[in-house]
Amino acid sequence: MPSTTDRPGGSEDPFAVAEALKSVVRDTEALDVSAERAATDAAEAAENRDTIVVDEAMLARHETVRVPTQRRPSERRGAPLPVAVLFATLWAALLTYLPVAAVLGLARTLEGAGGLAGAMHAGAAAWLLGHGVPIGTSIGSLGLAPLLLTVLVLGRLNRAGLHVTRAIGARRSGSIRSAALVTVSVGLSYAMVGAVTAHLVDGRGTHVSTTRAALHFLVLGLFGALIGALRGSDAVTTLARRVPPALRHGVRTGTVAAFLMVGAGAAVGGLSIALGGGDAAKIISAYHTGVAGQAGITLISVAYAANAAIWAAAYLLGPGFALGTGSAIRLTEVSVGDLPTVPLLAGLPNGPMGSAGGLLLLLPVIAGGVAGWGLTQRLRYGRAHAWRPGEGSGADAPEPAWSLLFGASLLAGPVTGLVMAALAWCSGGPVGGGRLAEIGPAAVQVGVVAAIVAAVSVLGGAAAARAFNAPRRAGARK
């Protein structure tokens with residue numbers, strides 16, 4: 001039997017066995033492999049690695065399997081511009097035409113002159129008149145636009161511009177180019193709607209110029225869509241940053257002053273009609289056309305309420321207005337001839353105003369002063385906190401500079417004059433031929449007087465707020 005280390009020489013001596021094991025079993029120590037040795041081993045492994053040759057032709061013959069990847073969320077794309085413009089424009093036209101056609105159709109049906117075709121034709125003619133398009137009739141040209149319907153049209157066109165801006169993905173983009181594109185697109189589309197409507201209405205007891213209708217619809221379409229596009233794209237902020245502060249605040253304050261003057265006229269006119277309610281009721285009852293006919297007369301008066309408010313504002317400013325050729329209705333003179341029996345005219349003054357007329361002249365001045373007061377408050381606290389400071393209102397900011405207040409106030413005067421002149425021009429027009437061919441205020445006279453009154457009153461209101469009204473600090477206790 002061979003000898004082993006366990007039993008050297010075949011010895012059975014336990015001491016010999018232990019000595020042999022001691023020589024075999026030693027303590028182990030970890031070897032410290034240096035970084036150079038590791039790099040050498042890696043290089044040798046790379047050299048010994050098998051090289052694989054890729055045969056592109058062979059790979060092309062193999063079937064490929066597309067590995068599914070995680071689907072990215074799809075970006076929301078807007079509607080094409082032509083589709084959005086066509087839908088929004090037609091929808092705005094329908095929402096303003098259908099109420100007019102429904103009211104006229106109901107009145108015609110109750111009076112025994114029903115018929116869908118006749119109601120649609122009468123509604124289209126009245127709808128065109130609401131856009132300022134003159135309608136030729138057997139009694140002459142009808143050109144006195146019901147401005148309440150015009151305001152409704154502008155409101156729907158404003159929504160159309162807003163919806164188109166959102167549809168093409170330009171919302172809050174601040175892009176002036178996008179706003180201009182939407183405005184022009186909606187305006188041209190609305191002009192085509194007006195031309196088609198005028199072509200359909202023309203020739204059935206009415207005469208309408210297709211070219212003039214397209215022009216009126218284009219102007220209203222551009223104006224209404226511009227407001228909506230600027231609001232929707234937030235391009236109005238981009239434009240405001242490029243305009244000098246005095247001009248920006250002057251335009252805003254002048255527009256506010258003009259509408260406050262119209263509001264004062266509406267209040268005075270409404271009070272006058274209320275005081276003459278008995279005469280208005282007699283005028284309505286004088287129409288022997290049944291309930292539908294009386295309701296129609298009332299609706300006509302309501303449709304021309306905005307016109308009456310502008311006429312009353314012209315009356316308060318001094319130039320007044322005319323209700324027929326050679327007539328004049330102003331604070332110092334009232335000369336009218338035979339007038340149509342319309343409830344709206346029951347509030348006309350019976351004669352020149354005495355000492356009370358001087359008090360009425362103060363109303364436009366007060367309106368301008370309120371606009372000037374609001375100018376100072378807006379510069380103090382910001383547009384969102386114009387009348388009282390709040391969190392983030394900038395109430396701790398320095399007072400507005402006198403130069404900015406003077407510049408904005410003086411610029412507000414011409415802006416008010418232009419707005420009032422435009423409103424006066426739009427509120428007038430002929431009602432047939434003959435004596436009623438001239439109705440409404442003189443636009444130039446109203447504009448000049450409004451500009452002077454606004455420049456003085458706005459400056460006075462702004463200066464009073466700056467000098468005598470101490471700014472209220474945010475968080476101050478009352």
Side-chain angles (χ1 to χ4, degrees), residues 132 143-148 150-151 154 219 223 250-272 304-336 344-345 347-349 352-353 357-372 409-431 436-461:
L144 186 62
L147 291 187
L148 195 61
T150 308
V151 172
L154 289 175
V219 172
F223 184 70
V251 170
R252 181 186 288 117
T253 305
T255 305
V256 171
F259 282 103
L260 286 177
M261 291 179 184
V262 174
V268 172
L271 180 62
S272 180
Y304 285 98
N307 302 62
I310 298 173
W311 299 349
Y315 178 81
L316 295 177
L317 286 169
F321 58 97
L323 285 177
T325 304
S327 65
I329 301 175
R330 55 178 67 100
L331 290 171
T332 58
E333 177 187 2
V334 176
S335 60
V336 294
L344 192 63
L345 301 180
L348 289 177
M353 300 294 291
L359 297 178
L360 291 178
L361 286 174
L362 291 177
L363 291 178
V365 178
I366 295 174
V370 172
S409 300
L410 294 178
L411 288 173
V415 172
T416 303
L418 290 175
V419 174
M420 289 301 301
L423 292 176
W425 180 76
C426 293
S427 67
V431 180
L436 295 180
E438 183 181 348
I439 292 180
V444 176
Q445 297 179 14
V446 171
V448 171
V449 175
I452 297 174
V453 171
V456 175
S457 59
V458 169
L459 180 58

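Each residue takes its place number in the sequence, starting with 1.
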What closest approach, in Å, do Ala367 and Leu260 show between heavy atoms, and which atom pair accounts for it? O-CD1, 3.4 Å
Do Ile329 and Pro349 make a side-chain contact, defined as non-hydrogen atoms from C-beta onward lying under 4.5 Å apart? yes
What closest approach, in Å, do Ala266 and Ala309 show between heavy atoms, and which atom pair accounts for it? CB-CB, 3.7 Å
Grab the two heavy atoms, one from Val453 and one from Ser457, that are nearest each other, plus how far apart they are. O-OG, 2.7 Å
Any side-chain heavy-atom pair from Leu411 and Val251 closer than 4.5 angstrom? no
Is there side-chain contact between Leu323 and Leu348, with at least one heavy-atom pair below 4.5 Å? yes
Close side-chain approach of Ile439 and Trp311, heavy atoms under 4.5 Å: yes
Could you give the distance from CG (Leu316) to CG (Leu331), rounded to the nearest 0.5 Å? 7.0 Å
Atom of Ser335, atom of Gly326 and distance for their closest heavy-atom approach: OG-O, 4.2 Å
Measure the shortest side-chain to side-chain distance between Ser427 and Pro441 over non-hydrogen atoms and say whether it is less than 4.5 angstrom. yes
For residues Gly254 and Thr416, report the shortest heavy-atom separation together with the two atoms involved. O-OG1, 2.9 Å
Does some side-chain heavy atom of Met420 sit less than 4.5 Å from a side-chain heavy atom of Val262? yes
For Asn307 and Ala145, the nearest pair of non-hydrogen atoms, with its separation, is ND2-O, 2.9 Å
dist Thr255:OG1 -> Leu418:CG (nearest 0.5 Å) comes out at 9.5 Å
As an exercise, state the distance from CG of Leu361 to CD1 of Ile366, rounded to the nearest 0.5 Å. 11.0 Å
Got a sec, which residues hit ring pair (Phe, Tyr, Trp, His ring centres under 6.0 Å) with Tyr315, two or more places apart in sequence or on another chain? none
Say you draw a straight line from CG of Leu147 to OH of Tyr304; how long is it, rounded to the nearest 0.5 Å? 8.5 Å
Is the shortest side-chain heavy-atom distance between Leu360 and Leu363 below 4.5 Å? yes
